[in-house]
Amino acid sequence: MLTLRRVALCGIVCLACGVPATQAQEGNAAPAATVSSPNGQITLQLFADTADQDLRYAVEFHGKRILEPARLGLEFVGQPELGPGMHKTGEQAESANENYTIPVGKTRTVRNHYNGLRADFEDANGRKLTIEVRAFDDGVAFRYLVPEQAAVKQVRIAREDTEFTFAKDAETYPLVLDGYQSSWEDEYQLRNVSGLHKDWVIALPFLANVPAIGWLAITEADIENYSGMYLRKAPEFASRTVRADLSPHTDRAGNIDPSYAVETTTPFQSPWRVLMTADEPAKLIESNIVLNLNPPSKIADTSWIKAGKSAWDWWSGEAAPSLKVKPGMNTATMEHYIDFASASGFPYMLVDAGWEARDPTSSDAAPRQADITRTSPNIDMPELLRYAKEKNVKLWLWAHWTSVDKYIDQAFPLFEKWGIAGVKIDFMNRDDQWMVEWYRRVAEKAAECHLMIDFHGAFKPDGLRRTYPNVLTREGVMGKEYLKGTARVTPAHNATLPFTRMLAGPLDYTPGAFGNTNLANFAPRPFMPMGLNTRAQELALYVVFESELEMVSDYPERYAGQKEFDFIKRVPCTWDEVRAIGGEPMQWISLARRSGSDWYVGSLTNWDARDVKVPLSFLGDGKYLAEMYADAPDAADEPTHTVLTWLSVDRNTVLDVHMVSGGGNAIWIHPAN
């Protein structure tokens with residue numbers, strides 16, 4: 001009786017402090033397996049044979065629990081859950097410490113350094129499950145491996161039991177979606193994890209600040225033959241737990257079967273569940289953990305994969321005042337943009353929707369091309385290809401995904417014959433198992449035809465670009481285009497994206513607006529749209545936002561005679577190194593990137609005017625010249641105004657950067673000689 005009373009009392013105390021009794025017991029129990037990062041600061045523990053028979057894990061950061069023990073497991077249709085009641089049968093340690101190079105990215109050389117293990121578990125019925133863990137200095141990741149076995153062969157995964165239980169009531173930055181078929185284009189919110197709604201479908205990456213412990217971002221890597229993961233709040237009141245939620249099974253036509261998410265056979269593996277960790281949020285941006293968790297490149301010769309900026313005809317609203325014909329989707333307008341790209345030194349011109357022949361039976365809301373190898377009557381494609389080649393500019397072409405799906409075997413080889421650089425594929429708006437595999441098929445076929453890819457209407461990056469580096473970038477973000485119809489893409493939104501969406505990989509946000517204005521004078525309009533920020537912030541976006549294919553979104557005449565355009569022409573789209581200077585989500589960020597011996601620094605703020613210190617300790621020895629584009633003193637009222645100054649600097653210099661409301665700062669630093 002005394003023992004029972006002690007157990008009950010323990011449960012009451014644990015509930016009073018918000019920690020389930022089973023978690024408290026596990027916190028004192030010896031873990032079944034443990035793996036720590038090379039620097040010893042991050043540790044993941046696995047627990048088995050616990051009081052409630054669940055398989056669980058916990059994560060420590062700097063010796064403190066950042067994630068409390070939380071459930072692991074897989075639920076199958078028509079079969080018992082795989083996870084509860086399991087005991088460990090073996091363990092295999094592994095490690096890696098290597099460097100590899102990538103043709104384009106935020107760092108030319110990537111270090112892959114981790115300690116890992118595979119822990120084998122078995123239940124009373126002889127069913128087997130392996131948990132694979134890799135601990136890096138910038139995070140930890142785990143995945144499920146289900147080996148081939150007589151008891152588990154053909155399976156339908158209904159859901160994962162993967163949970164994430166924060167040690168404290170963390171501040172989080174959720175992107176809440178309407179459902180599983182989405183373009184992932186919305187604002188981020190600020191909510192405590194206990195205040196998340198149980199019915200919300202929350203996208204990844206999911207950023208959290210665990211007070212007095214550290215920053216943590218949840219995402220996933222290497223999604224193959226599986227569906228994408230979301231998060232949902234555990235329904236218990238004031239719970240600090242979020243649960244994995246898989247995109248339901250969807251067929252080619254988009255019909256959903258909610259009874260299961262993944263259909264497969266053993267052996268199979270889940271994607272990596274990634275937990276990025278850092279003391280400061282900006283340091284998360286330096287991480288390459290998502291890339292490292294993907295297989296090496298399958299493309300032997302990557303010399304044709306080139307990052308670069310592109311002129312773009314869509315965002316600027318058919319504006320081209322110097323043309324003698326009406327601007328629009330016609331040969332003359334496209335050649336005008338090709339001229340602009342050539343004169344600016346841009347390698348690309350992206351010809352967006354409208355160049356291709358349309359299926360007359362389709363509605364405007366759901367465009368379909370009858371054949372994406374046939375062009376619109378207003379586009380003379382042979383002439384356009386000839387003209388672009390003459391001007392040393394390569395073309396990218398837009399395509400609806402359904403047309404690519406139907407005509408890929410005919411279109412991609414033809415595009416290669418035409419000399420097309422890449423394809424912007426749009427409107428997938430799904431990440432179910434079928435669509436995830438479709439992305440991979442497209443990337444592989446594109447690689448065979450020496451085509452680069454920009455996925456629009458896309459789910460978050462998962463590191464596929466390490467395996468197929470011809471996938472330069474993707475959307476999955478509420479970008480500049482929304483200013484044509486709303487005021488939603490604000491400086492606060494811009495200051496949030498580097499800490500959230502960009503942690504997964506490049507984002508095709510499409511910067512370059514030079515019609516800058518403030519909120520009082522902003523008006524959404526499809527023709528000659530405005531930028532809701534200062535021009536100095538617009539320049540900073542080219543440094544802060546990673547995209548190996550970067551749009552220059554405004555119309556050519558907008559840039560004529562503008563001193564700030566020199567910065568856009570010069571700033572690279574692929575980098576050798578990235579350094580976080582500082583920042584806070586929804587507030588501000590300052591980031592430095594290196595290309596060769598040159599450094600670029602971008603800083604931006606939300607609607608609050610702000611002064612920040614920018615130490616240049618990342619510079620090498622010797623003297624450098626800094627060319628700084630700063631908000632002019634009157635930029636809050638006249639957002640197009642900037643001040644360009646030249647400064648002699650070295651690694652001991654600390655720059656004082658002042659930004660007005662909605663403002664920014666962009667700096668090019670190069671050796672003085």
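Here the structure is a predicted model, which means the values were calculated and not measured.
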Asker: Whether K480 and E538 form a salt bridge (side-chain N of Lys/Arg under 4.0 Å from carboxylate O of Asp/Glu) is what I want to check.
Answerer: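 A salt bridge links E538 with K480.
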Asker: What residues, two or more places apart in sequence or in another chain, satisfy side-chain contact (heavy atoms from CB on, under 4.5 Å) together with D634?
Answerer: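 Applying side-chain contact (heavy atoms from CB on, under 4.5 Å) to D634 gives A632, E638, H641.
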Asker: Without swapping roles, check the side chain of Q537 against the backbone of G662 for a donor-acceptor pair under 3.5 Å.
Answerer: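 At least one qualifying donor-acceptor pair exists.
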Asker: Could you note down all residue pairs passing side chain to side chain donor-acceptor pair (under 3.5 Å) where residues 318-328 supplies at least one of them, sequence neighbours left out?
Answerer: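 Passing the test, one end in residues 318-328: S322-E557.
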Asker: Kindly indicate whether the side chain of L497, heavy atoms from C-beta on, has any atom under 4.5 Å from the side chain of Y188.
Answerer: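 Answer yes - side chains close enough.
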Asker: Among residues at least two apart in sequence or on other chains, which ones pass side-chain hydrogen bond (donor to acceptor under 3.5 Å, both in side chains) with R570?
Answerer: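 Applying side-chain hydrogen bond (donor to acceptor under 3.5 Å, both in side chains) to R570 gives none.
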Asker: Is the side chain of R593 donor-acceptor paired with the backbone N or O of V543 at a distance under 3.5 Å, no angle test?
Answerer: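 Yes, R593 side chain to V543 backbone: donor-acceptor pair under 3.5 Å.
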Asker: Under a 4.5 Å cut-off applied to non-hydrogen side-chain atoms, are V489 and Y509 in contact?
Answerer: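 Answer yes - side chains close enough.
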Asker: Between the side chain of E286 and the main-chain N/O of A580, is any donor-acceptor distance below 3.5 Å?
Answerer: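 Yes, the answer is positive, given that a donor and an acceptor are paired below the 3.5 Å cut-off.
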Asker: Is the backbone of D554 close enough, under 3.5 Å, to the side chain of Y559 for a donor and an acceptor to pair up by distance?
Answerer: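 Side chain of Y559 to backbone of D554, a donor-acceptor pair under 3.5 Å: yes, one is there.
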Asker: Do N665 and D631 have side-chain atoms, one donor and one acceptor, less than 3.5 Å apart?
Answerer: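 There is no such pair (donor and acceptor under 3.5 Å, judged by atom type) between the side chains of N665 and D631.
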Asker: Would you call the rings of H400 and W398 parallel, tilted or perpendicular, where under 30° means parallel and over 60° means perpendicular?
Answerer: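 Correct class here is perpendicular.
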Asker: Can you find a heavy atom in the side chain of L483 that is under 4.5 Å from one in the side chain of M530?
Answerer: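 No. Closest side-chain heavy atoms not under 4.5 Å.
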Asker: Please find out if less than 6.0 Å separates the ring center of Y542 from that of F567.
Answerer: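 No.
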Asker: Is it the case that the side chain of K424 and the backbone of A353 share a donor-acceptor pair, with hydrogens and angles ignored and the cut-off at 3.5 Å?
Answerer: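 Here the side-chain-to-backbone pair does not exist.
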Asker: Provide the closest heavy-atom pair for P585 versus Y173 in the form atom of the first, atom of the second, distance.
Answerer: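 Where P585 meets Y173 most closely, the heavy atoms are CB-CE2, 3.6 Å.
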Asker: How many angstroms lie between atom CD1 of I299 and atom CG of N470, to the nearest 0.5 angstrom?
Answerer: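 One finds 4.0 Å between CD1 of I299 and CG of N470.
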Asker: Does K445 pair with E448 as a salt bridge, N-O distance under 4.0 Å?
Answerer: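 Salt bridge flag = yes for E448 with K445.
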Asker: Look at the side chain of R535 and the backbone N and O of T642, then say whether any donor-acceptor pair between them is shorter than 3.5 Å.
Answerer: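 Looks like no, no N/O pair under 3.5 Å.
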Asker: Would you say E577 and F618 make side-chain contact, with heavy atoms under 4.5 Å?
Answerer: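 In short, these two side chains do not touch, never coming nearer than 4.5 Å.
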Asker: L177: what forms a side-chain contact (heavy atoms from CB on, under 4.5 Å) with it, not counting sequence neighbours?
Answerer: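 Result, side-chain contact (heavy atoms from CB on, under 4.5 Å) vs L177: L175, S182, W184, A203, Y230.
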Asker: Roughly how far apart are S376 OG and W355 CH2, rounded to 0.5 Å?
Answerer: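 Between S376 OG and W355 CH2, I get 10.0 Å after rounding to 0.5 Å.
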Asker: With a 4.5 Å limit on heavy-atom distance, are the side chains of W575 and R594 in contact?
Answerer: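 No - every pair of side-chain heavy atoms lies 4.5 Å or more apart.
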Asker: So, using side-chain contact (heavy atoms from CB on, under 4.5 Å) as the criterion, who are the partners of K394 when residues are at least two apart?
Answerer: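 Only Y348, A421 meet the side-chain contact (heavy atoms from CB on, under 4.5 Å) criterion with K394.
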Asker: Between H493 and E187, does any side-chain donor sit less than 3.5 Å from a side-chain acceptor?
Answerer: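 The answer is no; no qualifying pair exists.
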Asker: Which heavy atom of G602 sits nearest a heavy atom of V544, and at what distance?
Answerer: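 Closest approach of G602 to V544: O-CG2, 3.6 Å.
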Asker: Work out which heavy atom in A332 is nearest to a heavy atom in V325; give both atom names and the distance.
Answerer: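 For A332 and V325, the tightest heavy-atom pair comes out as CB-CG2, 3.6 Å.
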Asker: Using ring centroids (six-membered ring only for Trp), state whether Y439 and F455 fall under 6.0 Å.
Answerer: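 Centroid distance F455-Y439: below 6.0 Å, so yes.
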Asker: Considering non-hydrogen atoms only, spot the tightest contact between W607 and S661 and give its length.
Answerer: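 Looks like O-OG, 2.7 Å.
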Asker: How far apart are the closest heavy atoms of E564 and F514, and which atoms are they?
Answerer: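 Answer, listing the atom of E564 first, then F514: CB-CZ, 3.8 Å.
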Asker: Do V649 and L619 have side chains that approach each other closer than 4.5 Å (heavy atoms only, starting at C-beta)?
Answerer: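 A side-chain contact exists here, since the closest heavy-atom pair is under 4.5 Å.
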Asker: Measure across A513 and W315 and return the closest heavy-atom pair with its distance rounded to 0.1 Å.
Answerer: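 Where A513 meets W315 most closely, the heavy atoms are CB-CH2, 3.5 Å.
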Asker: Ignoring hydrogens and geometry, is there a side-chain-to-backbone donor-acceptor pair from S403 to A399 under 3.5 Å?
Answerer: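 Checking the backbone N and O of A399 against the side chain of S403, no donor-acceptor pair under 3.5 Å is found.
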Asker: When rounded to the nearest 0.5 angstrom, what distance separates OG1 in T640 from CG in N518?
Answerer: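 Taking OG1 in T640 and CG in N518, the distance rounds to 10.5 Å.
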Asker: Roughly how far, to the nearest 0.5 Å, is the CD atom of E550 from the OG atom of S310?
Answerer: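 The distance works out to 10.5 Å.
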Asker: Is any side-chain N of the basic residue among D508 and R474 closer than 4.0 Å to the acidic one's carboxylate O?
Answerer: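 A salt bridge is absent here (no side-chain N lies under 4.0 Å from a carboxylate O).
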Asker: We want to know whether T510 and S553 form a side-chain donor-acceptor pair, criterion being a heavy-atom distance below 3.5 angstrom.
Answerer: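 Looking only at side-chain atoms, S553 and T510 do not form any donor-acceptor pair under 3.5 Å.
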Asker: Look at atom CG of N392 and say whether more than 12 heavy atoms of other residues, nucleotides or ligands are closer to it than 6.0 Å.
Answerer: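 No, not enclosed.
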Asker: Enter the distance from F527:CZ to K484:NZ here, rounded to the nearest 0.5 Å.
Answerer: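 It is 10.5 Å, given to the nearest 0.5 Å.
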Asker: Could you pull out all residues at least two apart from S344 that satisfy side-chain contact (heavy atoms from CB on, under 4.5 Å)?
Answerer: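 S344 satisfies side-chain contact (heavy atoms from CB on, under 4.5 Å) with F340, F346, F565, K569 only.
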Asker: Give a yes or no on whether the backbone of H658 and the side-chain of R610 come within a donor-acceptor separation of less than 3.5 Å.
Answerer: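 Flag not set: sc R610 to bb H658 has no pair under 3.5 Å.
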Asker: Should E390 and R386 count as an ion pair when the cut-off is N to O under 4.0 Å?
Answerer: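 Yes, this pair counts.
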Asker: Could you tell me the separation between the CD1 atom of I425 and the CD atom of E475, rounded to the nearest 0.5 Å?
Answerer: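 Answer for the CD1-CD pair, I425 versus E475, is 13.0 Å.
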Asker: Quick one about T333 and D313 (side-chain donor to acceptor, distance below 3.5 Å, no hydrogens or angles considered), yes or no?
Answerer: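 Absent: no donor and acceptor within the cut-off.
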Asker: Are the side chain of K460 and the backbone N or O of P205 linked by a donor-acceptor pair below 3.5 Å?
Answerer: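 Not a single qualifying donor-acceptor pair exists.
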Asker: K563 side chain to Y629 main-chain N or O, any donor-acceptor pair under 3.5 Å?
Answerer: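 A pair under 3.5 Å: no.
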Asker: Consider only side-chain N and O atoms of T331 and E383, and report whether a donor and an acceptor are under 3.5 Å apart.
Answerer: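 Side-chain D/A pair, T331 to E383: absent.
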Asker: Is it true that the side chains of D339 and Y387 contain a donor and an acceptor less than 3.5 Å apart?
Answerer: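 Looking only at side-chain atoms, Y387 and D339 do form a donor-acceptor pair, the distance falling under 3.5 Å.
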Asker: Contact between E335 and L384 at the side-chain level, heavy atoms closer than 4.5 Å - yes or no?
Answerer: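 Yes - at least one pair of side-chain heavy atoms lies under 4.5 Å apart.
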Asker: Could you check whether any side-chain heavy atom of P498 comes within less than 4.5 Å of a side-chain heavy atom of I285, counting everything from C-beta outward?
Answerer: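 Side-chain contact under 4.5 Å: yes.
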